[in-house]
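In what follows, a single structure is set out as structure tokens and then discussed.
Just the heavy atoms: all of them, side chains too, but no hydrogens, waters or symmetry mates, feed the values below. A quick note: this is a predicted structure, and the numbers were derived from the prediction, not measured.
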Amino acid sequence: MAGRVEGKVAFITGVARGQGRSHAIRLAQEGADIIGIDVLEEVPGAPYGPATQEDLAETVRQVEALDRRIVATKADVRDFDALKSAVDEGVAQLGRLDIVAANAGISTAMAPAEELSEEMWVDMVDVNLNGVWRTCKAAIPHLKASGGGSIIITSSDAGLFAFPNIAHYVSAKHGVVGLMRTLALELAPHMIRVNSVHPTVVDTPMVNNDATYRLFRPDLENPTVDDFKEAAAGINALPIPWVEPVDISNAVLWLASDEARYVTGVPLPVDAGAAVK
Amino acid sequence: MAGRVEGKVAFITGAARGQGRSHAVRLAQEGADIIAVDLCDTIPNVAYPSATPEDLAETVRQVEALDRRIVSAQVDVRDGAAVKKAVEDGVAQLGKLDIVVANAGICVMTTWDETSEEVWDQTIDTNLKGVWNTVRHTAPHLVEGGGGSIIMTSSAAGLKGLPFLTAYVASKHGVVGLMRAFATELSEHGIRVNSIHPTGVDTPMGQLGDPEKATKIQEIMAAHPRLMPMMSNLLPIQMTEPIDISNAVIFLASDESRYVTSLAMTVDAGNTQY
């Protein structure tokens with residue numbers, strides 16, 4: 001049976017690990033070739049370690065083990081020229097572009113809005129909002145050349161409602177919803193669809209770390225993963241603490257495939273009902 | 001390869017043709033058994049031809065041709081007791097219930113001042129109370145099974161106002177409230193509840209029936225040209241196909257969306273963004 005995205009090519013940012021790697025594998029399982037980038041560098045102020053060259057190599061290994069092609073490059077979504085070179089080179093090698101998963105994002109130190117430093121704010125917006133715009137800007141000409149396509153922007157539940165002490169993250173993730181809606185309007189005549197996905201807590205290095213434990217459990221001096229689990233379950237309606245990367249990938253796959261050929265402009269929560277609470 | 005809803009059982013209302021039949025066939029293709037109900041009868045004021053018992057038999061034939069089991073019954077979703085009985089009979093024969101697709105609906109297009117009390121009542125009864133009947137009589141089986149997925153068919157008209165469809169717009173907005181309310185109470189049972197919001201779909205209802213009635217609608221539209229663009233889609237297409245809605249149903253019915261709940265999912269070619 002043909003895969004659900006058989007013969008398509010997908011450009012994925014933040015592909016070295018976490019959700020990005022999961023998207024690459026899930027799309028490859030269903031027949032897509034992959035163009036992937038990751039910054040592979042320390043994120044300023046991030047309370048978790050950076051993805052490494054080995055992480056990126058592991059993504060490549062897993063996609064190639066599925067007999068799909070992958071062009072993986074070290075590139076930063078803050079650098080438009082590097083992004084453009086990566087996607088241009090990928091399209092030159094793989095022949096076309098159909099799918100964009102603008103997934104790269106960071107979570108940095110947490111503080112009340114008036115205590116956030118200028119640097120924390122600017123870095124956050126530059127990656128999580130400006131980086132998505134640059135990703136789309138670099139990719140759109142190739143989607144137009146293919147006669148259509150699907151852009152999936154990773155936002156967050158924090159793109160639908162507020163959480164305290166991460167004003168920079170909430171603002172950036174709300175911002176990509178505006179970008180998604182505008183692109184949906186502008187690109188519809190080209191049969192390019194644009195949607196966003198809004199996860200609740202996902203079990204990845206970006207989220208499952210000490211700083212997040214502290215954000216969710218300000219009441220405890222040294223919160224553990226179990227303390228976090230209890231608090232995380234509290235934000236969801238379904239009785240679970242968090243979702244897995246594959247749950248976001250399954251939403252990305254559906255939006256990427258022709259099954260969703262008339263779905264555009266949708267902010268799709270994959271959030272265990274957190275948004276309804 | 002196992003189907004995406006392999007071994008699950010789905011209850012579908014309005015299953016004789018159109019979107020309902022498409023859902024039954026698509027779910028069966030992916031491994032589900034089906035409990036299919038349809039009124040198979042006329043409702044006054046509805047301008048397009050109603051589904052028939054022969055239509056329902058054709059749905060049965062298409063599902064069985066896929067080597068899946070199907071239990072069908074003629075049921076009016078406005079009749080709670082009849083819905084309850086059909087669900088119980090189906091579950092008794094197929095063993096359990098996992099998926100509910102509350103799809104049955106009617107659409108009467110007329111200006112606000114020509115909307116009769118009869119049109120209002122039958123639209124609200126079918127499109128809103130019918131969904132409530134469907135959920136309240138299926139949810140106990142999902143609770144018993146330890147979880148499940150309920151999908152309600154609303155409309156782009158459940159998210160934005162559209163002209164000449166007062167009762168329809170009200171009923172479809174009501175479905176969103178119903179979806180959100182059930183999502184809260186059923187979450188503790190691992191039951192997900194979502195709605196789908198199509199733009200125009202190429203079905204007998206979507207075409208609004210015979211050319212004579214369609215002409216009347218053209219006349220209404222022509223008399224109110226400023227409102228015409230509200231019917232437009234962003235993507236350069238006139239209509240979607242039933243399969244496009246079914247593909248959204250499959251995603252929401254399957255474990256691929258196991259953590260998606262209380263979502264108003266548009267499959268509307270951007271109509272609500274226009």
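Proximity to chain B is limited to the backbone of A:P267, based on heavy atoms less than 4.5 angstrom apart. At a 4.5 Å heavy-atom cutoff, the contact between A:I240 and chain B is made by side-chain atoms alone. Of the atoms belonging to A:A237, heavy atoms from both backbone and side chain fall under 4.5 Å from chain B.
Contact between A:T264 and B:T266 at its shortest, heavy atoms only, is O-OG1, 4.4 Å.
Note: A:E259 CD to B:R26 CZ = 6.0 Å, rounded to the nearest 0.5 Å.
The contact list for residues 7-22 of chain B toward chain A, using heavy atoms and a distance under 4.5 Å, is empty. Chain A is approached within less than 4.5 Å, heavy atom to heavy atom, by B:R180 from residues 169-181 of chain B, ordered by number. Of residues 233-265 of chain B, those residues lying under 4.5 Å from chain A by any heavy-atom pair are B:L234, B:L235, B:P236, B:I237, B:M239, B:T240, B:E241, B:I243, B:D244, B:N247, B:A248, B:F251, B:E256, B:R258, B:Y259, B:V260, B:T261, B:S262, B:L263, B:M265. Residues of residues 139-160 of chain A lying under 4.5 angstrom from chain B, judged on non-hydrogen atoms, do not exist.
The local environment of CD in A:E6 is crowded, with over 12 non-hydrogen atoms from other residues, nucleotides or ligands closer than 6.0 Å. More than 12 non-hydrogen atoms from other residues, nucleotides or ligands lie less than 6.0 angstrom from CD of A:E64. Within 6.0 Å of NZ on A:K229 lie no more than 12 heavy atoms contributed by other residues, nucleotides or ligands.
Heavy-atom pairs under 4.5 Å with chain B peak, among A:V243, A:N195, A:L187, A:N236, at A:V243. The residue among A:L268, A:D247, A:V266 with the most heavy atom pairs within less than 4.5 Å of chain B is A:D247.
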